[in-house]
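Order of appearance sets the numbers: ligands from 1, and atoms from 1 within every ligand. For this chain, numbers begin at 1 and follow the sequence in order.
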Amino acid sequence: MSTADLPALNAQFAIPGHVSFREGPGGLVVAMVGNSLATATIALQGAHVMTWAPRKQRPVIWLSKFAKFAPGKSIRGGVPVCWPWFGAHATEAKFPGHGFARTVQWEVVSTEALRDGATRLTFRIVQDEATRAQWPQASEALNVVTVGKALEIALVTRNTGSAPFTLGDAFHTYFEVSDIRDCRIHGLGSCPYLDKVDGGKKKQQVGPVAIGEEVDRIYLDSVADVLIDDPGYQRRIRVSKRGSRSSVVWNPWIEKAAKMGDFGPDGYLNMVCVESTNAADDVVQIPAGGEHRLWVRYSIEPLD
Ligand code: BG6
């Protein structure tokens with residue numbers, strides 16, 4: 001999907017008062033969503049939600065001020081879609097971390113104005129020779145994004161072939177916080193986790209998660225809502241999910257953020273990734289003709 005497709009895209013899928021398509025930064029094609037409930041921007045590259053803010057609220061999703069926007073480059077911030085594997089590929093070290101879905105084009109399948117005022121956009125991944133070289137499995141992936149008072153996203157993977165396959169996936173979501181040092185993350189208190197900062201050692205979470213250094217953890221047996229309590233913004237971000245039994249909590253902190261080059265000097269203080277995943281052993285077997293649905297709902301509540 002290039003900017004040359006914009007007239008056709010708008011003719012087919014724009015809905016006044018809901019969504020139109022424009023050229024965004026770096027020449028990326030972007031869906032601009034604005035309805036009575038919220039605003040959002042979604043890049044067709046990666047079907048990547050870059051921003052979302054309910055009306056009269058500050059942004060809930062963090063987008064790095066230093067993000068790079070370019071064809072084939074993952075955007076730092078927003079809601080990257082990790083698919084069809086999470087983290088490093090199981091056997092091929094040269095395949096991209098977190099899969100290829102976040103850096104390839106997705107096409108628009110439909111746009112819809114919902115009765116409650118929300119806007120729903122459905123995207124389908126475009127698979128070609130390059131993606132099939134890394135993922136020959138016969139499959140289809142849809143990303144269904146509903147922009148309203150809450151942000152709901154469903155990543156639907158269908159096995160369109162005649163053999164089962166194993167899938168890893170995630171919404172690698174960056175949430176905006178006032179100052180991560182003051183925040184507490186609830187809902188993971190009884191979960192074991194793999195500590196990627198400590199050689200992948202298995203540990204046990206006790207109480208809420210507090211972040212004051214680099215944190216990179218895969219929480220196992222995580223099915224409950226995860227809550228990010230942010231006293232600075234006097235709000236709680238609620239992460240509800242289905243089709244996922246693991247969650248990743250990640251903040252690169254100072255040194256790692258500096259090495260990445262697209263975080264900026266203080267970016268790490270204003271973000272935390274709480275990722276709803278099928279990661280580590282929590283991968284999914286999809287039988288021939290079957291499908292898997294990873295679903296999340298993000299909402300905010302006042303913090304009392
Ligand atoms: C997290 C991983 O999910 O993503 C981290 O647990 C990784 O190890 C981070 O650094 C960011 O990955 P990327 O590929 O977007 O830089």
Proximal atoms of ligand 1 relative to Phe86 (non-hydrogen, under 4.0 Å): 3 (O)
What residue and atom, counting heavy atoms only, is the protein's closest point to atom 5 (C) of ligand 1, and at what distance? Asp216 OD2, 3.1 Å
Tell me the protein heavy atom at minimum distance from atom 10 (O) of ligand 1, and give that distance in Å. Lys256 NZ, 2.9 Å
With a 4.0 Å heavy-atom cut-off (strictly under), which part of Arg102 contacts ligand 1: side chain, backbone, both or neither? side chain
For Phe263 together with Trp62, are the ring centres under 6.0 Å from each other? yes
Do Phe95 and Phe100 have ring centres separated by under 6.0 Å? no
Counting only heavy atoms from other residues, nucleotides and ligands, does the tally under 6.0 Å from CZ of Arg242 exceed 12? no
Nearest neighbour in protein (non-hydrogen) for atom 12 (O) of ligand 1: His98 NE2, 3.7 Å
Proximal atoms of ligand 1 relative to Met260 (non-hydrogen, under 4.0 Å): 16 (O)
Do Glu176 and Val60 make a side-chain contact, defined as non-hydrogen atoms from C-beta onward lying under 4.5 Å apart? no
Centroid-to-centroid, Trp135 to Trp83, below 6.0 Å? yes
Nearest non-hydrogen protein atom to atom 3 (O) of ligand 1, with distance, is Glu275 OE1, 2.9 Å
For Asp282 against Ser246, the heavy-atom pair lying closest together: OD2-OG, 2.7 Å
Under 6.0 Å between ring centres: does that hold for Trp106 and Phe123? no
Suppose we measure from atom 1 (C) of ligand 1 to each protein heavy atom; which comes out shortest, and what is that distance? His172 NE2, 3.3 Å
How far is atom 16 (O) of ligand 1 from its nearest protein heavy atom, and which residue and atom name does that atom have? Arg76 NH2, 3.2 Å
